[in-house]
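Below: one structure, written as structure tokens.
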Number of protein chains: 2
Amino acid sequence: MADNPPYIAQRPKRADGARNYDAILAAARKAFEAEGSDASLEDIAARAGVAIGTLYRHFPTRAVLVEAATRDGLADLVARAESVAGDDDPLEALAAWMSRAVRHFSTFRGLVGILTQSMYDEGTPSHAACAAMHDSGARLLRAAQDAGRVRADITPDELFDLLSGAAWVRENALPGGRDRSERFLQLVLEGIVAHE
Amino acid sequence: MADNPPYIAQRPKRADGARNYDAILAAARKAFEAEGSDASLEDIAARAGVAIGTLYRHFPTRAVLVEAATRDGLADLVARAESVAGDDDPLEALAAWMSRAVRHFSTFRGLVGILTQSMYDEGTPSHAACAAMHDSGARLLRAAQDAGRVRADITPDELFDLLSGAAWVRENALPGGRDRSERFLQLVLEGIVAHE
DNA sequence: AGTTAACCTGAGGCGACCTCAGGTAGTCAA
DNA sequence: TTGACTACCTGAGGTCGCCTCAGGTTAACT
């Protein structure tokens with residue numbers, strides 16, 4: 001028990017270190033978006049103008065790099081949940097947030113998988129952020145349920161399953177095809193709303 | 001246009017060839033189930049008691065091997081669709097078939113992804129089988145819609161999105177955790193049924 | 001200017017992918 | 001049964017991505 005917490009990347013204080021950290025992160029985001037979460041780390045290092053060892057110094061693991069690259073987005077998602085929490089219609093609030101979440105979950109190919117793993121596996125760099133996001137979503141769900149707008153028998157985990165499914169569909173869309181995740185979410189929501 | 005069709009593996013006629021083909025397929029199925037669709041091909045060859053070159057002779061591509069390993073399952077799915085097509089309740093028939101499909105789609109990690117790609121990308125070894133399965137599902141959907149049991153505005157593609165989402169959830173379940181795809185499917189179906 | 005430790009570099013070992021030149025052995029016809 | 005044909009098999013080796021580590025560099029602070 002009490003495994004020491006997973007390593008989380010932090011921006012170095014020395015000027016050269018910080019510069020490289022930023023460059024790697026920028027290159028990583030671009031590469032992930034273009035090629036998915038399994039993009040070549042050596043490519044990322046090269047594009048950042050840095051030796052491979054430097055990349056590993058700052059981000060000892062691919063998971064650590066992914067966490068750093070998606071940190072802001074997840075935090076934003078949590079913030080947004082709090083901002084819509086006071087809306088008139090809690091169902092609208094939930095739906096809007098879910099749509100946002102799906103979009104973030106499918107920022108690049110492979111992200112949903114990493115996030116769903118992280119959701120349940122402590123010891124993963126993204127776990128803390130995921131847990132926070134889980135709570136955000138759970139609160140919105142609860143509010144919609146308390147208002148009688150969503151079936152009472154839906155659990156947060158089920159909500160995230162549906163959400164992940166939508167994100168997966170989105171991230172696996174053919175390059176040309178349009179986004180079908182909105183429709184997915186719409187259908188899912190209709191299976192979830194309370195029919196008086 | 002008229003790209004030549006994708007290569008499909010076929011069992012050789014010579015005795016040694018057929019033996020090795022079978023051994024590789026058996027080893028591949030086991031490996032895929034244990035480690036997902038990206039299991040090491042060299043391991044598979046070794047476990048089949050065959051040199052790596054032999055594996056590539058029969059299955060020039062990972063996709064070809066996956067196709068061969070899942071061929072029977074897909075065919076079975078199509079057959080089953082035809083067998084339930086005459087059932088009393090077309091919604092029941094559809095639901096039962098979807099549940100089966102989800103189970104087959106998540107035979108091993110990575111399969112759903114391959115199948116959804118194959119669904120829309122001709123030039124993929126599994127495309128023909130996927131297209132056949134697509135039609136099977138579409139027919140069941142159509143029957144349920146004609147009977148007024150399912151909303152008329154659902155398209156086959158949407159059906160398969162939902163189905164893939166469920167399969168993805170299932171194949172990404174934590175080793176310990178129980179299967180949540182049944183519940184997923186149940187919720188999805190409730191968003192799809194016609195409300196009188 | 002000197003010291004220190006944070007930082008950077010890139011060669012190199014490992015495993016997986018895939019190819020190909022050369023060897024082996026089923027099969028069939030005579 | 002024998003010979004010839006050719007489908008089939010083998011495994012060394014080139015490529016690439018992962019990751020480590022011994023040794024060199026330099027920012028930052030005194």
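All chains are named by letter (A, B, ...) in the order of the sequence lines, taking the proteins before the strands, and each is independently numbered beginning at 1. Just so it is clear, the structure is predicted and the values come from calculations on it, not from any experiment.
- Going from atom OH of A/Y56 over to atom C1' of C/dA11 covers 15 Å, rounded to whole Å.
- Rounded to the nearest 0.5 angstrom, A/L140 CG and A/L159 CG are separated by 9.0 Å.
- Under the salt bridge (charged side-chain N to carboxylate O under 4.0 Å, His left out) rule, B/R183 has a single partner from A/D161, A/D153, A/D157, which is A/D153.
- Using a 3.5 Å distance cut-off with no hydrogens or angles, the side chains of A/E182 and A/S99 do pair a donor with an acceptor.
- Relative orientation of the A/F160 and A/F105 rings is parallel, given thresholds of 30° and 60° on the angle between their planes.
- Each of B/A15 and B/T61 was assigned the nucleotide of DNA chain C with the nearest heavy atom; the assignment lying further toward the 5' end belongs to B/T61.
- In this entry the distance linking CG of A/L41 with C1' of D/dT20 reads 14 Å, nearest Å.
- Distances shown here put every side-chain N or O of A/S40 at or beyond 4.0 Å from the OP1 or OP2 atom of D/dC16.
- Taking for each of B/R19 and B/D43 the nucleotide of DNA chain C with the nearest heavy atom, the 5'-most of the two is the partner of B/D43.
- When the C1' atom of C/dC8 is taken as reference, atom CD1 of A/I24 falls 10 Å away, rounded to whole Å.
- Taking 4.5 Å as the limit, every side-chain heavy atom of B/I24 sits out of range of all side-chain heavy atoms of B/R47.
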Item to complete: Between protein and nucleotides 5-11 of chain D, map the contacts as a letter string: B base, S sugar-phosphate only, - none, heavy atoms under 4.0 Å, written 5' to 3'.
Response: --BBSBB
Fill in: Worked verdict on B/S181 versus B/R170 for side-chain hydrogen bond (donor to acceptor under 3.5 Å, both in side chains)
CA-CA 5 Å; B/S181 72; B/R170 187 175 143 97; 4.6 Å; no
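- The nearest whole Å value for the distance from the CZ atom in B/R62 to the P atom in C/dT19 is 13 Å.
- In this structure, CD of B/E42 is placed 16 Å from P of D/dT15, rounded to the nearest angstrom.
- Distance, B/E35 CD to C/dA16 C1': 13 Å, rounded to whole Å.
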